[in-house]
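Letters go in sequence order (proteins before strands), and every chain restarts at 1.
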There are 2 protein chains.
Amino acid sequence: MSVKQKPDGIPTAKSLKAIQTEVESSNRIALSVDCVIFGFDENKLKVLLIRSDMKTYQDKWSLLGDLVRPDEDLDASAYRILKQRTGLSDLYLEQVQAFGKVNRHPAGRVVTVAYYSLINVQHHKLKILDNELHWHDVDSVKDLAFDHQEIFNTCYSRLQKRVQEHPAGFSLLPNKFSLRELQNLYEAILGVKLDRRNFRKKFFAMDFLIDLGEIEVNVPHRPGKLYKFNYNKYEKRGKKWVGIDFL
Amino acid sequence: MSVKQKPDGIPTAKSLKAIQTEVESSNRIALSVDCVIFGFDENKLKVLLIRSDMKTYQDKWSLLGDLVRPDEDLDASAYRILKQRTGLSDLYLEQVQAFGKVNRHPAGRVVTVAYYSLINVQHHKLKILDNELHWHDVDSVKDLAFDHQEIFNTCYSRLQKRVQEHPAGFSLLPNKFSLRELQNLYEAILGVKLDRRNFRKKFFAMDFLIDLGEIEVNVPHRPGKLYKFNYNKYEKRGKKWVGIDFL
DNA sequence: GTACTTTGCGTAATAATTACACAATTAAAC
DNA sequence: GTTTAATTGTGTAATTATTACGCAAAGTAC
């Protein structure tokens, strides 16, 4: 941003002072952050929502968000919200985009920046901080408050794309996981059924899984081997990911 | 956004009135839009920049941007900037993401939302509206003002990805183009050399090109056939695009 | 120990991608 | 108008990636 209006309507570069004046007078747009927090539990992809108590959106669910503080980075704002809501730090967090229709919020002009986050539900289960919060199956999410349905849809699509290009999905799993759990995760996120043998073949071909030499416990059938993701090797390898079967 | 602080630091849903108060008092963050305007000329991918006359960034180039007005949608703001700068409407425009580090702008707290746009330089050439504006080869773009280098890099990466998944690139070409021009475009955007026969094969296999029954004029060699992109067919086909050779 | 469930594993068929060369067309130079 | 130079237009074989698919062994539940 570095422009001002010339008489003919075409802006040109301008001085710091002129910009400062503009910046200070531009006080009628508020900025917020909204987070789509994904979790994976019981082989379902879940999203954490809060019940809206605004009259306008009685009984509707909404995303978790807050106004951005003047002295905090945008990303820091998203981390703050996540910390407050889940008690967790060091989460997978990715900005998606801004949503800025004039009338998107009944309280006035509020532009919001959407993020999504992936959390390990095992960790979170211990810290339920607010009983207005509930996990919802992603398939059953509909009719959210404000423009949150659109935001959610956009973030969910982004996640689907992301896990096919990056090893983001592992953030939703326990540190140790079986290949079956990993496949269930991909099937839940992408909404497809994948061939078991081809799925295993593909992951082993990538060679980013470390065999922990342990097996599942408390499963009512033959237990599978447990693995963890080799982030180190992934970083070193120049982040070349082999795509997962189609969406 | 729909939260307030409880005494224990964990926010919960709140009333419209409470939010309005917050929104109105949150007057210390300004919001801008910055546009990365791409063009394609002489087989090079170009970007339109303006010379910054801010002291802090003397002699540096910067993206085209402006503050968002309280009564305009975010997208409308980007279209306004493009219209002012290029004289063109109906441009290809895509939001990329927001950039919101606290100290990214010397004039105060300004969060900016980045867009990129693809324009047909043939159209634009007729309307040079401001002599502070210049087209730059994307390869030579470095050391931009503010955090504009980071914004530019992010937008350029996004474009590279985009043209491999959507028929966005055609917005950079004249309405009628030869396959050679199309290939030059992809090579310029992706920064790779592609095999001519395989490139042609791939595009013909997609079957979205309409042979106009015309040939190039004023080329110092055998002229190629001219084509246009069949957007209609593309829409009807459920937007299935066949990926272009790797990056 | 029998029934049940799930793991772990390999191959053949099909589809997609890559590498690669030569004749025909046009404009430009002479 | 003949030659030169540049570029178009076209096909196939080799390689690689993807898909479809079944059975023996391991462990749990009873």
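- By the ring pair (Phe, Tyr, Trp, His ring centres under 6.0 Å) test, B:Y186 is found to be paired with B:F199, B:F203, residues two or more places apart in sequence or in another chain being considered.
- In this structure, A:R180 reaches the sugar-phosphate backbone alone: every heavy-atom distance under 4.0 Å involves primed, P, OP1 or OP2 atoms, never a base.
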Letter by letter from the 5' end, nucleotides 21-30 of chain D scores (B base, S sugar-phosphate only, - none; protein heavy atoms under 4.0 Å) BB--BBSS--
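- With sequence neighbours left out, A:R180 forms a salt bridge (charged side-chain N to carboxylate O under 4.0 Å, His left out) with no residue at all.
- The pair B:R104-B:D147 meets the salt-bridge criterion, since a charged nitrogen lies less than 4.0 angstrom from a carboxylate oxygen.
- Straight-line distance from the NZ atom of B:K225 to the P atom of C:dA24: 17 Å, rounded to whole Å.
- In this structure, a donor-acceptor pair under 3.5 Å is absent between the side chains of A:S52 and A:K60.
- A 6.0 Å sphere centred on CG of B:D211 holds more than 12 heavy atoms belonging to other residues, nucleotides or ligands.
- D:dG9 atom P lies 7 Å from atom CZ of B:F204, rounded to whole Å.
- Regarding A:F199, its CZ atom lies at a distance of 16 Å from the C1' atom of D:dT19, rounded to whole Å.
- Rounded to a whole Å, the CG atom of A:N184 is 14 Å from the C1' atom of C:dT5.
- In this structure, the CG atom of B:L226 is 12 Å from the P atom of D:dT8, given to the nearest Å.
- One atom, CZ of B:F203, and another, P of D:dG9, lie 15 Å apart when rounded to the nearest Å.
- Residues B:K233 and B:D207 are paired through a salt bridge, judged by an N-O separation under 4.0 Å between the basic side chain and the carboxylate.
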